[in-house]
Amino acid sequence: MQDENHIIAERRAKLAEWRRSGQAYPNDFARQNTAGKIADLYDARTRDELADSPVEVSVAGRIMLKRVMGKASFITIQDLSGRLQVYVSRDQVDETTYDAFRRWDIGDIVGAVGTLFRTRTDELTVRCTEIRLLAKSLRPLPEKFHGLTDQEQKYRMRYLDLITNEQTRFTFAVRSRIVQSIRSHMVAHGFLEVETPMMHPIPGGATARPFATHHNALDMNLFLRIAPELYLKRLVVGGLEKVFEINRNFRNEGISPRHNPEFTMMEFYEAYSDYRQLMDFTEGLIRHSAREALASECFEYQGRTLDLGRPFARLTIVEAIRRSHPGYGVAQLGDPEWLRDRLRALAVDPPHGAGLGALQLLLFEETTEADLWDPTFIVDYPAEVSPLARRSDRDPEIAERFELYIAGREIANGFSELNDPEDQAARFLEQARAKEAGDEEAMYYDADYLRALEYGLPPTGGCGIGIDRLVMLLTDSPNIRDVILFPQMRPE
RNA sequence: GGGUUGGUAGCUCAGUCGGUAGAGCAGUGGACUUUUAAUCCAUUGGUCGAGGGUUCGAGUCCCUCCCGACCCA
């Protein structure tokens, strides 16, 4: 940790001196206006109009730029809404204040009262009659022109990134709008927002390794949830026919540009719906959030155009593979031996028990997934890798399941829910066997969930949407850490 | 785990063939009553990621390690 250097020492000395003059951290300054609001309201006023009918404002913010001249100075302050120039002259504020002001630093928080005017270059500016130091900043800000560029520092000290980088502020404002748009869309469609446990006695609803913790009073092991799915479906059993939850999931796995150990998911369930209707709804929801957040369905992602306005494609796994690799024949893709050879050639070791569908899926993930730039629903997942999804009536080896890919990334995963308690029991048994055979990601046998299913889950469709990944798309962010305020980092 | 690339002042970065460690910003002192990344003059500030080696001499060359970033798995 870079610490006490001469700059900090000088600022501490200034603070010590400032304390002697009274309350160094006052909280009685009444801010009445923000920079953005002032620009909205008065940017159209001419110099003469401002002179003829003076507008008094009271603003506050952080000093970002400072231009001190002999007896008059300019500072640029920044608040949540933007920047504003403030003019401080010895004629308007008293001499003591002006002399003190000259010693304030970039990064300090100030409050200013005055009237609006236009400078020679026509910039809307506050002519101060009063200026106060509200909070001393002891640490120097990053270089004022380049800002903070070190990626690691941006993640570790997000506040500094937010102070200095407008793009970062924009990204998180858009994130908020996206979440808000999803929430309002769900509510408008009659869904009930719920909160289900984050601590699960049995981690379920996904295939992933959990974080473990312990409840002392109950002397009981608990797991941070890897998915809310099984609880949300219990609610549908309970008659809450349309529910959704926007919340964190935790998966004890690797960190990558697309993976953070905790990430945000929106899951929703609708009784008497199925995976086909879910695809329609999901498509509409994603389009809606793009429109609300960006005012457009068409935008650039990493230098390439993404158009969410056009209908999303729907392809089976085999169709998708053949589209991006026309050299692979239908017969080959239906031949487990050929698939195994192919995968091994790609340095993938297929699990022993993997069936045809699982092998096709592995090949898809290996060769095709990353090429799916335009929004594409991949359908007909193998039942063996979909232990909570309903089997297809036309082929019991296939589940009524889809995943949505955009820009080469999985954004959503949904299916017709498995509501046959006996089939579910059989699938849990299969998972339990796989776990015993060493598959750490396999699911646990969840008797409590089965009991709920035995009371009767109506035919239901459910879907999860990765919020972080959606935000990445809509903010043109290459790394999931860019859309999570405090991403997980290695200890310093 | 592999590849590429980086770690030099608080920040952003230069540093040539191995020969006394630099600039801009920030800071400090001074000038300046309409500046715009203000300007002008002066100036403080360095364990060059760590350790070892080669050498008369290492920020620079060699070896090992640590910590990042990006790409791949």
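Values reported hereafter were calculated over all heavy atoms of this structure, with side chains retained and with hydrogens, waters and symmetry mates removed. Naming: A, B, ... by sequence-line order, numbering from 1 per chain.
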First encountered from the 5' end of RNA chain B, between A:F145 and A:P140: A:P140
Grab the two heavy atoms, one from A:T149 and one from A:K154, that are nearest each other, plus how far apart they are. O-CD, 4.0 Å
Parallel, tilted or perpendicular: ring planes of A:W18 versus A:W104, cut at 30 and 60 degrees: perpendicular
When you compare B:A23 with B:G45, how far apart are their C1' atoms, in angstrom units rounded to a whole number? 14 Å
Donor-acceptor contact present, side-chain A:T76 to main-chain A:L84, <3.5 Å: no
Integer angstrom distance from the P of B:G15 to that of B:U39: 25 Å
Grab the N/O contacts between the protein and nucleotides 65-68 of chain B below 3.5 Å, and write none if there aren't any.
{"residue": "B:G68", "atom": "OP1", "partner": "A:R490", "partner atom": "NE", "Å": "2.9"}
{"residue": "B:G68", "atom": "OP2", "partner": "A:R490", "partner atom": "NE", "Å": "3.4"}

Scan side-chain atoms only and decide if A:R401 and A:N413 contain a donor-acceptor pair under the 3.5 Å cut-off. yes
Rounded to whole angstrom, note down the P distance from B:C56 over to B:G18. 16 Å
5'-to-3' dot-bracket of RNA chain B (Watson-Crick, G-U; under 3.5 angstrom; crossing pairs as [ ]; | other strand): (((((((..((((.....[..)))).(((((.......))))).....(((((..]....)))))))))))).
Would you list the atom pairs, donor with acceptor, under 3.5 Å between side chains in residues 68-75 of chain A and any protein atom, with sequence neighbours excluded?
{"residue": "A:S73", "atom": "OG", "partner": "A:M69", "partner atom": "N", "Å": "3.4"}
{"residue": "A:S73", "atom": "OG", "partner": "A:Y98", "partner atom": "OH", "Å": "2.7"}

Measure from the ring center of A:F312 to the ring center of A:Y405 and say whether it is less than 6.0 Å. no
Atom-to-atom span, NZ of A:K154 to P of B:C11 - whole angstrom: 15 Å
Main chain of A:R45, side chain of A:R118: is a donor-acceptor contact present, judged purely on distance under 3.5 Å? yes
Counting just side-chain N and O atoms, does A:R102 come under 4.0 Å of either OP1 or OP2 of B:U28? no
Within the pair A:R120 and B:U35, is there a side-chain N or O less than 4.0 Å away from OP1 or OP2? yes
Nearest to side-chain heavy atoms of A:P142, which nucleotide of B:U44, B:C11, B:U35: B:C11
If we take the P atom in both B:C25 and B:C41, what is their distance in whole Å? 11 Å
Pick the C1' atom in B:G59 and in B:U44, then give their distance to the nearest Å. 22 Å
Closest nucleotide among B:U12, B:U35, B:U34 to the A:T125 side chain: B:U35
Is the base of B:U34 touched by the side chain of A:R127 through a donor-acceptor pair closer than 3.5 angstrom? yes
Within the supplied structure, the quantity of interest is the number of heavy atoms (other residues, nucleotides, ligands) at a distance under 6.0 Å from A:R209 CZ; does it exceed 12? no
Sequence neighbours left out, what passes ring pair (Phe, Tyr, Trp, His ring centres under 6.0 Å) with A:W373? Give chain and number order. none
Testing B:U34, B:G29, B:U33 for proximity to the side chain of A:S89, the answer is B:U33
So does A:T119 reach the base of B:U35 with its side chain, donor to acceptor, closer than 3.5 Å? yes
Please determine if a side-chain N or O atom of A:N479 lies less than 4.0 Å away from the OP1 or OP2 oxygen of B:C70. yes
Closest non-hydrogen atom pair, A:R409 against A:P478: NH2-O, 4.0 Å
A:N27 atom CG: more than 12 heavy-atom contacts under 6.0 Å: no
dist A:F402:CZ -> A:F415:CZ (nearest 0.5 Å) comes out at 9.5 Å
Other residues, nucleotides and ligands only: do more than 12 of their heavy atoms fall within 6.0 Å of NZ on A:K14? yes
When rounded to the nearest Å, what value does the distance between C1' atoms of B:G57 and B:G53 take? 15 Å
Can you tell me, in whole Å, how much space there is between the P of B:G49 and that of B:C67? 16 Å
Note: contacts of residues 81-88 of chain A with RNA chain B (heavy atom, under 4.0 Å) are A:Q85, A:Y87
Mind listing the N/O atom pairs, protein and nucleotides 38-41 of chain B, below 3.5 Å?
{"residue": "B:A38", "atom": "OP1", "partner": "A:K144", "partner atom": "NZ", "Å": "2.5"}
{"residue": "B:A38", "atom": "OP2", "partner": "A:R67", "partner atom": "NH1", "Å": "2.7"}
{"residue": "B:A38", "atom": "N6", "partner": "A:V68", "partner atom": "O", "Å": "3.2"}

With the side chain of A:K14 defined as its heavy atoms from C-beta on, choose the nearest nucleotide among B:G10, B:U28, B:U12. B:U28
What closest approach, in Å, do A:F299 and A:L473 show between heavy atoms, and which atom pair accounts for it? CE1-O, 3.3 Å
Any donor-acceptor pair under 3.5 Å linking the side-chain atoms of A:D94 with those of A:T97? yes
